[in-house]
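As structure tokens, the structure follows; a few thoughts come after it.
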Amino acid sequence: MRILGSLLITVTITVVVLTSCAGAPATPPIVEPTSHELVQGETEIAASIVFLNVGKADCILLTVKDRAYLVDTGSGSSVPAMFYALDMMGVERLDGLFLTHTHNDHIGGLNDLAKKIPISTLYSSAISKADKNGANKIDSMAKDLGLEHRKLSAGDVVPVIDDIKFTVLGPLEYDSNDDNDNSLVMSIELSGQVALLAGDMQFTMEESLVGNGVDLKADILKVGNHGNPDTTSREFAESVGAKYAVISTDTKVDKNSANKKVLANLAPAEIYITQDYPYGIKFDISPSGKILISSLE
């Protein structure tokens, strides 16, 4: 009877836990979900997006055939993780590197990256904060490293191949208070699927984009500013309507980095957090637009 009682208690606790979680946003397990498998017989991958696990920082890799593009470089401390992922994906050169803004958790790996891997073109926002001497950190680094540097404004397009391209959505206006709200925000069209990369934009920039009628619809959302509570309003999340949302951070949801209100606003999107996967989370997209989600290992 004592054994039976213990079993009943265990079952009861399990049911209570599952019931209490049923209505809350959660980080789902990521073992090639059957609902996302490529259709039978369709094995070709048109493009892959990898959201790297670089701690509370950003580094996103897009590979299309023999082309590779990186969005942000993580922090200085996450350089080994960035290089490991690039090696795993067979990346030996970059056709483009986008730096969303000047904060070190996005540009901290640039010097090491440029010394190891050829970079065809460095892209950054034409709207970007300067230091007290009037210099822009990205401009200075690009010059020191001898990189070809192109400034991007809303409406600009960077073609990749075929129907795949980056489209710049913002920023629309300069924010002198916080360079997070000058983040380069882009969408990527991938075989009928759209990924929206929000940089570190916060409420101010979200309101600017929504208020100006910018088309934010996307299937995959890289959530702004690491899921902090100063980003991803309900109005913005509804404007995007993402099926999948990725938060790049190193702190568990219940420790307030991936803020619970943010998760609620993102519902009913499936939410993935980079720290839950050894090296990152990979979205493979077929020519017909089917998605296969897996852990980069």
* Evaluate the side chain to side chain contact (heavy atoms under 4.5 Å, CB included) criterion for residues Asp112 and Thr73: first the C-alpha distance (whole Å), next the side-chain angles of each, then the deciding distance (0.1 Å), finally the verdict. => CA-CA 10 Å; Asp112 290 320; Thr73 64; over 6 Å; no

Does any part of the side chain of [Y], heavy atoms only, come nearer than 4.5 Å to the side chain of [X], both counted from C-beta?
X      : Y      : result
Ile117 : Leu70  : no
Leu145 : Asn111 : yes
Asn53  : Tyr279 : no
Lys222 : Asp58  : yes
Ile247 : Leu263 : yes
Leu152 : Arg150 : yes
Leu122 : Ile138 : yes
Met201 : Leu209 : yes

* Step by step, would you call Lys151 with Ser124 a side chain to side chain contact (heavy atoms under 4.5 Å, CB included)? -> CA-CA 5 Å; Lys151 297 292 193 73; Ser124 67; 3.4 Å; yes

* Asked: Please walk me through it: do Asp72 and Val54 pass side chain to side chain contact (heavy atoms under 4.5 Å, CB included)?
  -> CA-CA 11 Å; Asp72 290 325; Val54 287; over 6 Å; no

Going by atom types alone, do [X] and [Y] pair a side-chain donor with an acceptor below 3.5 Å?
X      : Y      : value
Asn182 : Ser125 : no
Ser75  : Asn104 : no
Gln202 : Asp181 : yes
Asn180 : His103 : yes

Roughly how far apart are [X] [atom1] and [Y] [atom2], rounded to 0.5 Å?
X      : Y      : atom1 : atom2 : result
Leu94  : Leu147 : CG    : CG    : 10.5 Å
Leu292 : Lys282 : CG    : NZ    : 7.0 Å
Ser294 : Ile281 : OG    : CD1   : 8.0 Å
Ser77  : Asp105 : OG    : CG    : 10.0 Å
Ser78  : Lys56  : OG    : NZ    : 14.0 Å
Leu86  : Leu52  : CG    : CG    : 7.0 Å

* In terms of heavy-atom contacts, does NZ of Lys165 have more than 12 from other residues, nucleotides or ligands at under 6.0 Å? -> no

Donor-acceptor contact below 3.5 Å, side chain [X] vs main chain [Y]:
X      : Y      : value
Arg67  : Leu62  : no
Asn228 : Asp230 : no
Ser183 : Asp200 : yes
Ser233 : Phe236 : yes
Thr274 : Gly280 : no
Asp179 : Lys129 : yes
Glu206 : Thr231 : no
Asp175 : Asn177 : yes

* Show your working on side-chain hydrogen bond (donor to acceptor under 3.5 Å, both in side chains) between Thr249 and Gln275 and close with a plain yes or no. => CA-CA 6 Å; Thr249 190; Gln275 75 154 21; over 6 Å; no

Shortest non-hydrogen contact from [X] toward [Y]:
X      : Y      : result
Ala242 : Ala269 : O-CB, 3.3 Å
His106 : Leu99  : O-CD2, 3.9 Å
Gly74  : Ala57  : CA-CB, 3.9 Å
Pro159 : Val157 : CD-O, 3.6 Å
Val223 : Ala245 : CG2-CB, 3.9 Å
Leu221 : Ala198 : CD1-CB, 4.4 Å

* Asked: Can you list every ring pair (Phe, Tyr, Trp, His ring centres under 6.0 Å) pair that touches residues 111-153, not counting sequence neighbours?
  ->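 For residues 111-153: Phe98-Tyr123.
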
* Passing candidate, side chain to side chain contact (heavy atoms under 4.5 Å, CB included) with Arg234, options Val262, Asn265, Leu266 ->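 Considering Val262, Asn265, Leu266, a side chain to side chain contact (heavy atoms under 4.5 Å, CB included) with Arg234 is found only for Asn265.
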
* Asked: Per the side chain to side chain contact (heavy atoms under 4.5 Å, CB included) rule, which among Val71, Leu169, Val185 passes with Leu197?
  ->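 Of all the options given, the one that passes is Val71.
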
According to a hydrophobic-cluster definition based on side-chain heavy atoms being under 4.5 Å apart (Ile, Leu, Val, Met, Phe, Trp, Tyr only), do [X] and [Y] belong together?
X      : Y      : result
Val50  : Leu190 : no
Val64  : Met89  : no
Tyr69  : Ile220 : yes
Ile127 : Phe166 : no
Ile60  : Val160 : yes

* Asked: Which of these passes ring pair (Phe, Tyr, Trp, His ring centres under 6.0 Å) with Phe51: Tyr277, Tyr272, Tyr244, Phe283?
  ->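 Between Phe51 and the candidates, ring pair (Phe, Tyr, Trp, His ring centres under 6.0 Å) is satisfied uniquely by Phe283.
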
* **Qualifying side-chain hydrogen bond (donor to acceptor under 3.5 Å, both in side chains) pairs with a residue from residues 82-98, counting only residues at least two apart or across chains** =>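 Every pair satisfying side-chain hydrogen bond (donor to acceptor under 3.5 Å, both in side chains) with a residue in residues 82-98: Arg93-Asp95, Arg93-Ser120.
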
